[in-house]
Amino acid sequence: MKLLDEMLQKGLEPNLFTYNVIMNGRCKDGMVDRALEFFKSLKSRGCEPDVVSYNILLRALFKQGKWHEGEKLMTEMVSKGCETNIFFYSTLINPLCHEEKIKEATEVLKAMRQKGLTTDCYCYDPLISAFCENGILDLAIELLDYMISDGCLPKIYNYNTILSTLRKNGNADQALEIFEKLDEVGCPPDVGSYNTMFKALWSNGEKVKALKMILEMLGKGIDPDEVTYNSLLSCLCRDGMVDEAIGLLVDMETSKFGPTVIAYNTILLGLQKARPRRMDDAIELLAAMVDKGCLPNETTYTILIEGFGFAGWQAEAIKLAESLFRMNAISEDSFKRLKRKFLLDIYKSLLIRMRSSCCLSTSAMHDQNELLLRKQSSCILFLYGN
């Protein structure tokens, strides 16, 4: 409103475009009620709202779930003979899909076609996503075919939504079938498509095919992104190939996507779950991570604490958790969860010991391991302090 006052003071006459900018700004700032009040004052300012004015308000009202107010505004719009356009219908489809009102969104799409309006990918995309999220995958795939027959060629993000859903559902073969036809339909795959197919094939046990996907991607000149690297790290560590994952981490350091805390945490988790657990290597990786300027987060410390606890050093793991909690490195909820978990393990271990006798050599070995753990814990606390 300050801008409007300045315009009036300078003798400049605001027009509908100016008023629409003001309403849009208020809606973006969450002041939808004030935008609606301003909308109602347009007539007294010598302007009649157009389809853009209505679109601005409808989008904001539906985003806030104010369906009743939105429907009233739509009725007013129609009664005043305000001509609708593709943006008006898109404004309706998106929030309807977010609210899982799929039937209503489909009706809006039909109304567009009946009015002879040319649809685009942005109109179909919310529906494709909604079908996928609600488990109606067949309809999502049919909608892609309908788009092509209607002269609206799907974009790669439309296909990626389908591929991602098929991957989550464990349908790697069907995903591969659609993926292999992408070039035919004039929609070549992007890095997101390859990332999805890599994860789908690897999870399906087809590791060679999965790795060939990455090679094919590189052969086409498509650069890997952070998701590519993190997916590779996750799959390698999950299958016990932690050394290969560490080698990939070294490669990441020379790429434009340097390793993030997510990458380091993935490998730390792999080392923690290795048999035998490789906590010495985990400490070394933590030191390298800090040395390279990548700060550990709560997940990092939780992985390490759990690693010590699962390795049989529950009491020391609790002490480490207490120290990190006092330093605000882990939250109270995480601390309570870890303490509860490892105290239970300690009681179970004591019960087992009480039922069986321990030889001196086993006890000595335990003392030696406990000394090593104390050194490792001190290292973690030192690194956090730095």
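Predicted, not measured: the structure shown is a model, and the values here were computed from it. In what follows, every heavy atom counts, from backbone to side chain, and hydrogens, waters and symmetry copies are set aside.
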Starting from the C-alpha separation in whole Å, work towards a yes-or-no answer on side-chain contact (heavy atoms from CB on, under 4.5 Å) for L109 and T119. CA-CA 8 Å; L109 190 64; T119 52; 4.1 Å; yes
Worked verdict on I267 versus L285 for side-chain contact (heavy atoms from CB on, under 4.5 Å): CA-CA 9 Å; I267 297 181; L285 184 63; 3.6 Å; yes
Could you walk me through whether F39 and Y19 pass the ring-ring contact (aromatic ring centres under 6.0 Å, His included) test, one step at a time? CA-CA 8 Å; F39 172 84; Y19 295 135; over 10 Å; no
Tell me, with the steps shown, if S231 and N195 meet side chain to side chain donor-acceptor pair (under 3.5 Å). CA-CA 7 Å; S231 298; N195 288 342; 5.5 Å; no
Could you walk me through whether Q174 and I141 pass the side-chain contact (heavy atoms from CB on, under 4.5 Å) check? CA-CA 11 Å; Q174 192 178 358; I141 294 170; 3.4 Å; yes
Derivation and outcome, side-chain contact (heavy atoms from CB on, under 4.5 Å), residues Q314 and F308: CA-CA 7 Å; Q314 294 91 346; F308 293 135; over 6 Å; no
Test salt bridge (charged side-chain N to carboxylate O under 4.0 Å, His left out) applied to K319 and E322, step by step: CA-CA 5 Å; K319 288 178 186 176; E322 285 173 347; over 6 Å; no
For a salt bridge (charged side-chain N to carboxylate O under 4.0 Å, His left out) check, start with the C-alpha distance between R337 and E306, then their side-chain angles and the critical distance, and finish with the verdict. CA-CA 11 Å; R337 178 181 62 78; E306 287 179 339; 3.1 Å; yes
If you apply the rule salt bridge (charged side-chain N to carboxylate O under 4.0 Å, His left out), what do you find for E216 with K212, and how did you get there? CA-CA 6 Å; E216 180 184 310; K212 280 182 178 178; over 6 Å; no
As a quick check of understanding, evaluate salt bridge (charged side-chain N to carboxylate O under 4.0 Å, His left out) for K66 and D33, giving each step before the final call. CA-CA 11 Å; K66 296 181 178 179; D33 291 336; 3.2 Å; yes
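Counting all heavy atoms, side chain and backbone alike, P259 lies closest to M252 at CA-CE, 3.7 Å. Pairing each heavy atom of M279 with each of L304, the nearest pair is CE-O, 3.7 Å. Across all non-hydrogen atoms, the minimal contact from F62 to G70 is CE2-CA, 3.8 Å. Here the shortest heavy-atom pairing between I128 and M147 reads CD1-SD, 4.0 Å. Of all non-hydrogen atoms in V51 and C82, the two that sit nearest each other are N-SG, 3.4 Å. Residues L153 and V185 come closest through the heavy atom pair CD2-O, 4.5 Å.
Salt-bridge annotation for E206 and K209: present, with a side-chain N of the basic residue lying under 4.0 Å from a carboxylate O of the acidic one. Under a 4.0 Å N-O distance rule, the pair K336/E332 qualifies as a salt bridge. Ion pairing of R113 with D150 is present here, as a side-chain N (NZ or NE/NH1/NH2) and a carboxylate O approach within less than 4.0 Å. For the pair K40 and E37, the salt-bridge criterion is not met [side-chain N within less than 4.0 Å of a carboxylate O]. With respect to K72 and E76, no salt bridge is recorded, no charged nitrogen being found less than 4.0 Å from a carboxylate O. The pair K80-D50 fails the salt-bridge criterion, with no side-chain N (NZ, NE, NH1 or NH2) lying under 4.0 Å from an Asp/Glu carboxylate O. A salt bridge links D243 with R278: the distance from a Lys NZ or Arg NE/NH1/NH2 to an Asp or Glu carboxylate oxygen falls below 4.0 Å.
For an aromatic pair to be called close, the ring centres must be under 6.0 Å apart, and F342 with F310 satisfies this. When ring centroids are compared, F179 and Y194 come within the 6.0 Å threshold.
L139 contributes atom CG, which lies 11.5 Å from atom CG of L144 (distance to the nearest 0.5 angstrom). With rounding to the nearest 0.5 Å, the separation of CG in D239 from CE in M241 is 5.0 Å. To the nearest 0.5 angstrom, I56 atom CD1 is 12.5 Å from R26 atom CZ. Atom OG1 of residue T260 and atom CE of residue M289 lie 8.5 Å apart, to the nearest 0.5 angstrom. Taking OG of S53 as the start and CG of L16 as the end, the distance is 4.5 Å to the nearest 0.5 Å. To the nearest 0.5 Å, atom CD1 of residue I330 and atom OG1 of residue T300 are 12.0 Å apart.
Under a 3.5 Å cut-off, the side chain of N158 and the backbone N or O of K155 do form a donor-acceptor pair. Without hydrogens or angle criteria, N134 side chain to I136 main chain gives no donor-acceptor distance under 3.5 Å. Without hydrogens or angle criteria, R275 side chain to K273 main chain gives a donor-acceptor distance under 3.5 Å. Judged purely by atom type and a 3.5 angstrom limit, S149 uses its side chain to pair as donor or acceptor with the backbone of Y146. Of the possible donor and acceptor atoms, none in the side chain of E253 sits under 3.5 Å from a partner among the backbone N and O of G258. A donor-acceptor pair under 3.5 Å is absent between the side-chain atoms of D251 and the main chain of T254, judged by distance alone. Using modelled atom types, no side-chain atom of S203 and backbone atom of A200 make a donor-acceptor pair closer than 3.5 Å. For the pair S234 (side chain) and N230 (backbone), a donor-acceptor distance under 3.5 Å is absent.
Residues meeting the ring pair (Phe, Tyr, Trp, His ring centres under 6.0 Å) test with Y124, sequence neighbours left out: none. Residues satisfying the ring pair (Phe, Tyr, Trp, His ring centres under 6.0 Å) criterion with F325, sequence neighbours excluded, are F335. Partners of Y264 according to the ring pair (Phe, Tyr, Trp, His ring centres under 6.0 Å) rule, which considers only residues two or more places apart in sequence or in another chain, do not exist here.
Residues F131 and Y122 are members of separate hydrophobic clusters, defined by side-chain heavy-atom contacts under 4.5 angstrom among Ile, Leu, Val, Met, Phe, Trp and Tyr. Hydrophobic clustering, with ILVMFWY side chains joined whenever heavy atoms are under 4.5 angstrom apart, groups I93 together with I102. I86 and L96 fall within the same hydrophobic cluster, defined by Ile, Leu, Val, Met, Phe, Trp and Tyr side-chain heavy atoms under 4.5 Å apart, directly or through other members. Under the 4.5 Å side-chain heavy-atom criterion for Ile, Leu, Val, Met, Phe, Trp and Tyr, I283 and I246 are members of the same hydrophobic cluster. Linking ILVMFWY side-chain heavy atoms closer than 4.5 Å, directly or via other members, places I156 and M213 in a single hydrophobic cluster.
Side-chain N/O atoms of T299 and N265 include no donor and acceptor closer than 3.5 Å. With hydrogens and angles left out, the side-chain atoms of S41 and R45 include a donor and acceptor closer than 3.5 Å. Using modelled atom types, one finds no donor on one side chain facing an acceptor on the other under 3.5 Å when comparing D125 with N94. Between the side chains of S331 and S334, at least one donor N or O lies within less than 3.5 Å of an accepting N or O.
You'll find the side chain of E298 stays beyond 4.5 Å of the side chain of L324, heavy atoms only. For the pair L61/P95, no side-chain contact is recorded, criterion being any heavy-atom separation below 4.5 Å from C-beta on.
Other residues, nucleotides and ligands contribute over 12 non-hydrogen atoms within 6.0 Å of the CD atom of E99.
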